[in-house]
Protein chains: 2
Amino acid sequence: MEPQEKFVEDFGLFFEAQNLNRTAGRIFGWLLICTPAEQTLDDLTDALQMAKSTVSTSARFLDEVGMVERVSKPGIRKDFYRIRPGFWEQALKGAMSQFAGFKQFAERGMDLVADDAAPEQVRVLKEMHSVYSFFSREFPALLEQWEREHREALNDES
Amino acid sequence: MEPQEKFVEDFGLFFEAQNLNRTAGRIFGWLLICTPAEQTLDDLTDALQMAKSTVSTSARFLDEVGMVERVSKPGIRKDFYRIRPGFWEQALKGAMSQFAGFKQFAERGMDLVADDAAPEQVRVLKEMHSVYSFFSREFPALLEQWEREHREALNDES
DNA sequence: CGGTTTGTTCGGTATTGACCGAATGAACCG
DNA sequence: CGGTTCATTCGGTCAATACCGAACAAACCG
């Protein structure tokens, strides 16, 4: 298996572990390393050796969830897919909202525990709440810090 | 549906979205709010209205992945399950290793892109790498900060 | 308009996984 | 040892989902 193929397959599995389907993972993995960066449906079916229908469905899915975008070019009838610029930053923001979700569950849980609950019981919920409210609070600043550093790095290059 | 039941079901769905099975999510959700905090298999089957075999399998799964632990009590033959103390902190460390995984994929990807790749292509991989190496680097300190704050909060209570 | 190129949808199959009840096993007690 | 109380494992069923090829639809070109 070519290193590119290996990369694509591994990425597919990795995606599957994040609860996204494997085909979508393969498409995304391929889009990360292919040349040119924009690929038509036919390019993708060719590269991934899957039915066009399958690729179409998954590519559109990736578009809908904002991981990939579809672009058109003048004079060419085919659609082109590419990874959405800024996607990775958006992914981190997604992780942040996960934190908020956990925090809410912790709060709901604390409302529900019985008054005669054992102290260790309450402790678990408190730890949960503590962790996620801390990170909901601190994460945005960290993200901003990354943005600054990243912009600087880009400027240094040019 | 009782609020407890609702909590348990919601938690099951939430867990499912994190790619863990729903039964395991229900068990975990129930363990967060039940009294007493330690529950036998029979307690669990009773609370969740599922077959003992199912609960057994999922409870053991939660034990294996370290989310729950099994404890025994003198003079009682049943096993007791409870949420593993310190679990939430451990969960965050797990998120950290996710970061490392993504970072590695970014590095593998950069080795694979063709030399004549378009600049936007390289930019995506660079952004990916930048995000995840930043967080691999910064996250541990944040975690330590949380630990300090949390310990202080515990001391204030006692 | 008829033919071609492109993308989407639809029906079917095969695989996977959740969940169940029944059988099995293992520890304990009389 | 025989019976009881636990937990685990096993075989089967049902539902969900990935993936395919073929049919369809829509845009374009001569």
Side-chain angles (χ1 to χ4, degrees), chain A residues 5 8-31 36 38-65 67-82, chain B residues 5 8-31 36 38-65 67-82:
Chain A
E5 289 177 297
V8 168
E9 290 304 316
D10 287 352
F11 211 88
L13 288 172
F14 190 65
F15 250 53
E16 213 172 22
Q18 324 285 321
N19 213 19
L20 297 161
N21 85 52
R22 196 179 302 181
T23 304
R26 286 197 268 239
I27 294 174
F28 197 89
W30 174 246
L31 286 176
E38 282 107 8
Q39 299 264 302
T40 68
L41 263 192
D42 286 329
D43 292 339
L44 292 172
T45 54
D46 206 47
L48 304 178
Q49 295 294 333
M50 308 188 70
K52 200 175 178 179
S53 54
T54 307
V55 175
S56 168
T57 306
S58 286
R60 209 152 19 86
F61 166 77
L62 286 171
D63 181 31
E64 277 161 19
V65 301
M67 304 181 64
V68 143
E69 66 185 4
R70 194 170 8 177
V71 297
S72 55
K73 290 172 188 283
I76 306 184
R77 288 166 59 187
K78 293 174 194 264
D79 292 351
F80 290 83
Y81 287 96
R82 69 170 179 215
Chain B
E5 288 175 300
V8 168
E9 291 304 317
D10 287 351
F11 211 88
L13 288 171
F14 191 65
F15 250 53
E16 213 171 23
Q18 325 285 321
N19 212 19
L20 297 162
N21 85 53
R22 196 179 301 180
T23 305
R26 286 196 269 239
I27 294 174
F28 197 89
W30 173 245
L31 286 176
E38 282 107 9
Q39 300 264 301
T40 67
L41 264 191
D42 286 329
D43 292 339
L44 292 172
T45 55
D46 206 48
L48 304 178
Q49 295 295 332
M50 307 188 71
K52 199 175 179 181
S53 53
T54 307
V55 176
S56 168
T57 305
S58 286
R60 210 151 20 85
F61 166 78
L62 287 172
D63 181 30
E64 277 160 19
V65 299
M67 303 180 65
V68 143
E69 65 185 4
R70 194 167 13 175
V71 296
S72 56
K73 291 175 188 279
I76 306 183
R77 288 167 58 187
K78 294 175 195 260
D79 293 350
F80 290 82
Y81 286 96
R82 70 170 178 215

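Naming convention: chains lettered A, B, ... in sequence-line order (proteins, then strands); numbering from 1 in each chain.
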Distance, rounded to the nearest Å, where [X] contributes [atom1] and [N] contributes [atom2]:
X: B:Lys73; N: D:dC6; atom1: NZ; atom2: C1'; value: 17 Å
X: B:Glu9; N: C:dA18; atom1: CD; atom2: C1'; value: 14 Å
X: A:Leu62; N: D:dA18; atom1: CG; atom2: C1'; value: 15 Å
X: A:Arg22; N: D:dA16; atom1: CZ; atom2: C1'; value: 16 Å
X: A:Asp46; N: C:dT6; atom1: CG; atom2: P; value: 13 Å
X: B:Met50; N: C:dG17; atom1: CE; atom2: C1'; value: 13 Å
X: B:Leu48; N: C:dC20; atom1: CG; atom2: P; value: 10 Å
X: B:Phe61; N: D:dT8; atom1: CZ; atom2: P; value: 15 Å

Between [atom1] on residue [X] and [atom2] on residue [Y], distance to nearest 0.5 Å:
X: A:Met50; Y: A:Ile27; atom1: CE; atom2: CD1; answer: 8.0 Å
X: A:Leu62; Y: A:Asn21; atom1: CG; atom2: CG; answer: 8.0 Å
X: A:Glu5; Y: A:Arg26; atom1: CD; atom2: CZ; answer: 11.0 Å
X: B:Phe28; Y: B:Met67; atom1: CZ; atom2: CE; answer: 4.5 Å
X: A:Leu44; Y: A:Asp79; atom1: CG; atom2: CG; answer: 11.0 Å
X: A:Glu38; Y: A:Ser72; atom1: CD; atom2: OG; answer: 11.0 Å

By side-chain hydrogen bond (donor to acceptor under 3.5 Å, both in side chains) - contacts of B:Lys78 (at least two apart)
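Scan of B:Lys78 (side-chain hydrogen bond (donor to acceptor under 3.5 Å, both in side chains), adjacent residues dropped) gives B:Asp42.
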
Check A:Tyr81 against A:Val68 and note the closest heavy-atom contact, atom names and distance.
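Distance-wise, the nearest heavy atoms are CD2-CG1, 3.6 Å.
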
Distances for protein N or O near nucleotides 8-11 of chain C N or O, under 3.5 Å:
unit_1: C:dT8; atom_1: OP1; unit_2: A:Arg70; atom_2: NH1; d: 3.0
unit_1: C:dT8; atom_1: OP2; unit_2: A:Ser56; atom_2: OG; d: 2.7
unit_1: C:dT9; atom_1: OP2; unit_2: A:Arg60; atom_2: NH1; d: 3.4
unit_1: C:dT9; atom_1: OP2; unit_2: A:Arg60; atom_2: NH2; d: 3.2

With nearest nucleotide decided by heavy atoms, which residue, A:Ala51 or B:Phe80, maps closer to the 5′ end of DNA chain D?
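Closer to the 5' end of DNA chain D: B:Phe80.
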
Name the residue closer to the 5' end of DNA chain C, choosing between A:Asp42 and B:Leu20 according to the nucleotide with the nearest heavy atom.
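That would be A:Asp42.
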
Scan nucleotides 27-30 of chain D against the protein and return all N/O pairs shorter than 3.5 Å with their distances rounded to 0.1 Å.
unit_1: D:dA27; atom_1: N3; unit_2: A:Arg77; atom_2: NH2; d: 3.3

Donor-acceptor pair, side chain of A:Asp46 and main chain of A:Asp43, under 3.5 angstrom:
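The answer is no, because no donor-acceptor pair under 3.5 Å joins these two groups.
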
